[in-house]
Amino acid sequence: MSKPRHLRSGASKTGSSKTSSSKAGSTNAEPGDEDVVGDRTEWTGSSLRTQVWVLTTRSLRAAFGDPRLVFFGLLQPVVLLLLFSQVFSGVGSLPGVAQYQGYINYLMPATLVNIAMITAMGAGAGLVAETYSGVIGRFRSLPIATGSVLLARTFADTARLAVQLVAIVVAAVLFLDFAPYGGPLGLAAAVLLTLFVGWGLSWLFVAIATWQRSIELMQAVSFIATYPLMFSSSAYMPLQSMPAWVRAVATVNPLTYAIDAARALALGRVPGWSLPMAVGLAAVAALGGGAIAARNFRRSA
Amino acid sequence: MPENRTNALGPLSSSRTGATGLPRIEVVDLGKSYGPVTALTGVTLSVAAGSVLAVLGHNGAGKTTLVDILATRTRPSTGSATVCGFDVTRDGHQVRRRIALTGQFASIDETLTARGNLVLVARLMGAPAKAARARADELIELFGLVEAADRVSMTFSGGMRRRLDLAACLVGSPKVLFLDEPTTGLDPVSRTGLWTTVRLLAREGTTVVLTTQYLEEADRLADDLVVLAAGAVVASGTPTELKAKVGARTAAVTFPDAWSARWALEEFTRLGLKPVLDPDAYVVTAAIPAAGQIVPLVRALDQYGVTVVDLTVTEPTLDEVYLALHRAAWDTATWEAP
């Protein structure tokens, strides 16, 4: 270790003889003066907005810092969409789907919500990983609001989701003959709705992450929460073609509302009750998940 | 460069320690239990501003729990604690503005560079972007991280991580610094470097609380020691006081022949010591309660022109202190058993 010199000095003094010495003069003490952070009287703590901004950009820099990670992250949903649209192309002729003129049109809006779910899972997994790596511990010992760490986490993952959604919409229109009859506005509305739903879902997974801090358990819980919900919804098959009990599950499955609403918006149909239901459920998820996450996060060490 | 160094160190050389006697940390009857498990019980202590307190103890003795409570990471079950005059349970935010903590593992963002980590912490502490960068640069230089400043910290060695971790702690110039087993797993060079830093910080007025299992570390750094066992304080005091409690220094004098050894035995007894003779090696060993008592010993030998082959004085180590304390605790337990 190189020899530490002036560990409490104010502005960078090394190599500068003109730096004001008034600050340096006060460094050597008044240990009784407890009203300042060290000698940094000008640092009176950061605002909530600064905290969330700094923490969000930090996460985004990490997420987009590695081009390979970005490439495969964007490729993954495209591959999924390609596979599902080809493997299940026969579904396109089923009653309830045929009216959409191609399975891709039926599938694509559901895929948006699917991606939102997977990205939201990533928010929980990311929080667990950061708890292990010790970064969270550092944040917890800083004079910042508990909520800003969690809020930044969900914002960063929602921003990541936005990039993924735009990428897959472009890919689907260009290569998979996706025809969004709702026009650019309808499509934009569908993407915005999905972003809000994704943000709500990310709070649920963040709540799970603050409660269950083992990576393996987190994955197991996330899997159970994700796949049955995705498949027992209107995502891949019309409800009419399902066995009665699955149809019953799908009708109360919150994802069905999000998928139906996104589908209606993107394809220029009337969303009906599905839109307010989707927005309301996402808001409930955000508030409920947020409350649980904040409580767990504050309590635990 | 050397000129800068002298300059920067200038204010430090005036006094040995920044301690002023004002308490920075006050702990009264602190306890913590996790369900049926008692992690800490009845801990009372006070740490003066600018002094270094070492908390010693086995794994599971309650060291980390104590630090976690003081750093507002865990709430105490009983008792109270103040840091810089603020209650750790009621004014956690005020406490966190004045402290920094390094845990047993480095708390750095591996996806960021060394500079990125320091800027992040400075920004979160309320520094404007420019001031944050200036402070980061300053610490990067102080901790010898210039070459690695713009490398992603994922690639850092254990020692570099520790340095970056400590640098991140010092971003806000904390009044109280908690170091939880700071040198565990460090190589000797990094360890010595960390010790130097801790001493400098204390000299500049930072109060340091460090937990350690290394008695040498506590002996070198601490003004005061607290020994924890099963969550309770079993001994406290300065290193010297603790050593004096257990045992004395021993002087061992080696003579060239049996005659002078036997003569020394008598002479030492006359000086009020209780010497022991090893007749085969011509070595006379005696416990000397105070360091000054070696002087009349040497003077007596000199006066009679006795040749001395070798003279060594052995300081009691904290290991002896530690072992003696635990032996005492164990003995008590055994006696109390039916």
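Labels below follow one simple rule: chain letters A, B, ... track the order of the sequence lines, proteins then strands, and each chain is numbered from 1.
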Part of B:A71 lying under 4.5 Å from any heavy atom of chain A: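 Contact with chain A: none, neither part.
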Is B:A100 close to chain A through its backbone or its side chain, or both, or neither, when contacts mean heavy atoms under 4.5 Å?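 Neither part.
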Mark yes or no for whether A:R138, through its side chain, and B:S107, through its backbone, hold a donor-acceptor pair below 3.5 Å.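 Side chain of A:R138 to backbone of B:S107: a pair is present.
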What are the residues of residues 56-75 of chain A, in order of number, with any heavy atom under 4.5 angstrom from a heavy atom of chain B?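 Only A:R58, A:A62 of residues 56-75 of chain A have a heavy atom under 4.5 Å from chain B.
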Output the distance between atom [atom1] ([X]) and atom [atom2] ([Y]), rounded to the nearest 0.5 Å.
{"X": "A:I144", "Y": "B:M125", "atom1": "CD1", "atom2": "CE", "result": "9.5 Å"}
{"X": "B:L124", "Y": "A:S148", "atom1": "CG", "atom2": "OG", "result": "7.5 Å"}
{"X": "B:R73", "Y": "A:S141", "atom1": "CZ", "atom2": "OG", "result": "7.0 Å"}

Do you know which of B:L112, B:D165, B:V119 has the most heavy-atom pairs with chain A at a distance under 4.5 angstrom?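 The residue among B:L112, B:D165, B:V119 with the greatest pair count is B:D165.
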Name the member of B:V95, B:T111, B:T72, B:D109 that forms the most heavy-atom pairs with chain A at distances under 4.5 Å.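 So the answer, after comparing B:V95, B:T111, B:T72, B:D109, is B:D109.
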Any side-chain heavy-atom pair from A:V54 and B:L120 closer than 4.5 angstrom?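 A side-chain contact exists here, since the closest heavy-atom pair is under 4.5 Å.
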Less than 4.5 Å apart, any side-chain heavy atom of B:R123 and any of A:T50?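 Touching, per the 4.5 Å side-chain cut-off.
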In chain order, what residues pass the side-chain hydrogen bond (donor to acceptor under 3.5 Å, both in side chains) check against B:T192, with sequence neighbours excluded?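 Partners of B:T192 by the side-chain hydrogen bond (donor to acceptor under 3.5 Å, both in side chains) criterion come out as none, since no residue qualifies.
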Considering all heavy atoms of both residues, which atom of A:P143 and which atom of B:R97 are nearest to each other, and what is their separation?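 Shortest heavy-atom separation between A:P143 and B:R97 comes out as CB-CG, 3.4 Å.
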Around atom CH2 of B:W195, are there more than 12 heavy atoms from other residues, nucleotides or ligands closer than 6.0 Å?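 Yes.
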Within the supplied structure, the quantity of interest is the number of heavy atoms (other residues, nucleotides, ligands) at a distance under 6.0 Å from B:R151 CZ; does it exceed 12?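 Counting other residues, nucleotides and ligands, CZ of B:R151 exceeds 12 neighbours.
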Could you go through the side-chain contact (heavy atoms from CB on, under 4.5 Å) check for A:L142 and B:V121 one step at a time? CA-CA 8 Å; A:L142 288 175; B:V121 173; 3.9 Å; yes
